[in-house]
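Everything below concerns the one structure shown next.
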2 protein chains.
Amino acid sequence: MTKSVPVVFIVDDASSVRKALERLVRSAGFNVETFASGEEFLQRKHHKGPSCLVLDVRLPGLSGIELQKKLVQENISVPIIFITGHGDIPMSVRAMKNGAVDFLPKPFDGKELLTAIERAIEKAVRIRQNETERARIERLLKTLTPREYEVLRWAITGMLNKQIAYRLKITERTVKAHRGCIMEKMQVESVADLVRITQKCGIIPAEK
Amino acid sequence: MTKSVPVVFIVDDASSVRKALERLVRSAGFNVETFASGEEFLQRKHHKGPSCLVLDVRLPGLSGIELQKKLVQENISVPIIFITGHGDIPMSVRAMKNGAVDFLPKPFDGKELLTAIERAIEKAVRIRQNETERARIERLLKTLTPREYEVLRWAITGMLNKQIAYRLKITERTVKAHRGCIMEKMQVESVADLVRITQKCGIIPAEK
DNA sequence: CCCCATATTGAACCAAAGTACAATTTACAC
DNA sequence: GTGTAAATTGTACTTTGGTTCAATATGGGG
């Protein structure tokens, strides 16, 4: 498992800005990819490794704010640092409410941007770890049969086998059978682990 | 259990602003308390029910931003809506990074403020529910003896009694005794519940 | 019609959890 | 020293969890 190098995406319509920022960010040791518009950025297929986005607010076509909204809607979680020459407070507040990491009015100090990028990359790493783990669990969940899933939802409430059996109108023996399969398929060895992993992907425990 | 009425705290050094805002907010059905400075607000003892804070950025003495920082440091979680006549983008961004709900430059529409207040109160309710539950759990945790706490940290890993016994160099019988006390003191009936509640207040499971 | 995944159940058995009686020791406060 | 909370352990017992043999039924898909 080689450690992937963080990538910083830069979206700005002014090529001079793109070049200057690219030079700055590269000098700090990041990989960089630049785009002249939001549409261009969207066409690129998602990056697997940790990455963040330095985004101009004002862009021809899709604006920076609109791009942010689109990314949020499509559940594409890449931390965003806004830069702008003609921003105002309501705009910056809206951007931050939507989860932006930072919002820098031009002209800004290069160091400021790099600090923001580091924070953004750290956030990206955290997000990625969560998503990876979550994806793993959901992959395992899909191998469960409908009935097993049902039993799982009861099992994580801490209910006894006989109680679950009563709820599902089946015998305790059957519940045991399902539980055995569940534990194996979910690759856990205790109910405690089962509770923990199911919490990570929003499984609703059955109601007592 | 009577439902407590939300309170909106208003901190502004200009009495005309305080009066105008108070009238506006009261007309929307909230209780209001006004303060002329951050120090004044801090002296008031904490409100039990849901509340939020409408805070002027520029204040004599303790500034709004400083007050926010102080509240964050002291872990006093009251959602803040900033208002300001002379703010800039970096200021608004810093405020939002520190958890502000909104940041409104004057002049603003009264409706805007009321919308923000509603969001802030909703947030306060959520926070309060969490804190209440968390406080309950921590109260129960304090009744555990040091040894019981230790056993708890192992138990929520899903480890068998005999395995825990081995780790702690005691007999399985002793572990059972501790577990019994733990379950009673924590007012739960299953390991599943134990795992869930301990997750809510950051108990670190012992390392396998 | 047969295969297969799914769901269900049985008997017997062992391991683990938990409880009802306990008793003993240790350390610390008064 | 005495009292108290905490920690530890024992024996015997019941309940629950889980596995190893299974077998049976059901409902498509080929």
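Here is how names work: the chains are called A, B, and so on, in the same order as the sequence lines, proteins then strands, and each is numbered from 1.
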Could you tell me the separation between the OH atom of Tyr166(B) and the P atom of dA16(C), rounded to a whole number of Å?
16 Å

Would you please name every residue forming a side chain to side chain contact (heavy atoms under 4.5 Å, CB included) with Glu189(A), sequence neighbours left out?
none

Rounded distance (Å) that lies between atom C1' of dT6(C) and atom NZ of Lys142(A):
20 Å

Set of residues satisfying side chain to side chain contact (heavy atoms under 4.5 Å, CB included) with respect to Ala135(A), sequence neighbours excluded
none

Is the closest side-chain heavy-atom distance between Ile80(A) and Asn98(A) below 4.5 Å?
no

My understanding is that only one of Asp102(A), Ile81(A), Val101(A) makes a side chain to side chain contact (heavy atoms under 4.5 Å, CB included) with Ile117(A); could you say which?
Ile81(A)

Shoot me the first and last contacting nucleotide of DNA chain D against chain A, ordered 5' to 3', at under 4.0 angstrom to non-hydrogen atoms.
dT16(D) to dC21(D)

5'-most contact on DNA chain D (nearest-nucleotide basis), Ile170(B) vs Asn161(A), goes to Ile170(B)

Would you find a donor on one side and an acceptor on the other, under 3.5 Å apart, between the side chain of Arg128(A) and the backbone of Lys48(A)?
yes

For residues His178(B) and Glu148(B), report the shortest heavy-atom separation together with the two atoms involved.
ND1-CG, 3.8 Å

Roughly how many Å is it from CD in Glu148(A) to P in dA7(C), rounded to a whole number?
6 Å

Expressed in angstrom and rounded to an integer, what is the separation of Glu189(A) atom CD from dA15(C) atom P?
18 Å

Which side-chain N or O atoms in residues 57-68 of chain B pair as donor and acceptor under 3.5 Å with protein atoms at least two apart or in another chain?
from, atom 1, to, atom 2, distance (Å)
Ser63(B), OG, Ile65(B), N, 3.4
Ser63(B), OG, Glu66(B), N, 3.1
Glu66(B), OE1, Ser63(B), N, 2.9
Gln68(B), NE2, Ala95(B), O, 3.1

Tabulated below should be each protein N or O lying under 3.5 Å from an N or O of nucleotides 20-30 of chain C; please produce it.
from, atom 1, to, atom 2, distance (Å)
dA20(C), N6, Arg173(B), NH2, 3.1

Please state whether the rings of Phe41(A) and Phe35(A) are parallel, tilted or perpendicular, taking 30° and 60° as the class boundaries.
perpendicular

Under-4.0 Å side-chain N/O to phosphate OP1/OP2 contact, Thr171(A) with dT8(C)
no

In whole Å, what is the span from the CG atom of Leu160(A) to the C1' atom of dG18(C)?
12 Å

Under a 3.5 Å distance rule, please check whether Lys185(A) uses its side chain to pair with a backbone N or O of Thr143(A) as donor and acceptor.
yes

Quick one, Arg18(A) with Glu22(A), criterion salt bridge (charged side-chain N to carboxylate O under 4.0 Å, His left out). Give me CA distance, side-chain angles, the key distance, then yes/no.
CA-CA 6 Å; Arg18(A) 284 202 302 276; Glu22(A) 173 163 9; over 6 Å; no

Please list residues of residues 174-188 of chain B whose heavy atoms come under 4.0 Å from any atom in DNA chain D, ordered by number; otherwise none.
Thr174(B), Ala177(B), His178(B)

Between C1' of dA17(C) and CD of Gln163(B), the distance in whole Å
14 Å

Looking at Glu184(B), I'd like to know if its CD atom is crowded, meaning that more than 12 non-hydrogen atoms belonging to other residues, nucleotides or ligands lie closer than 6.0 Å.
no

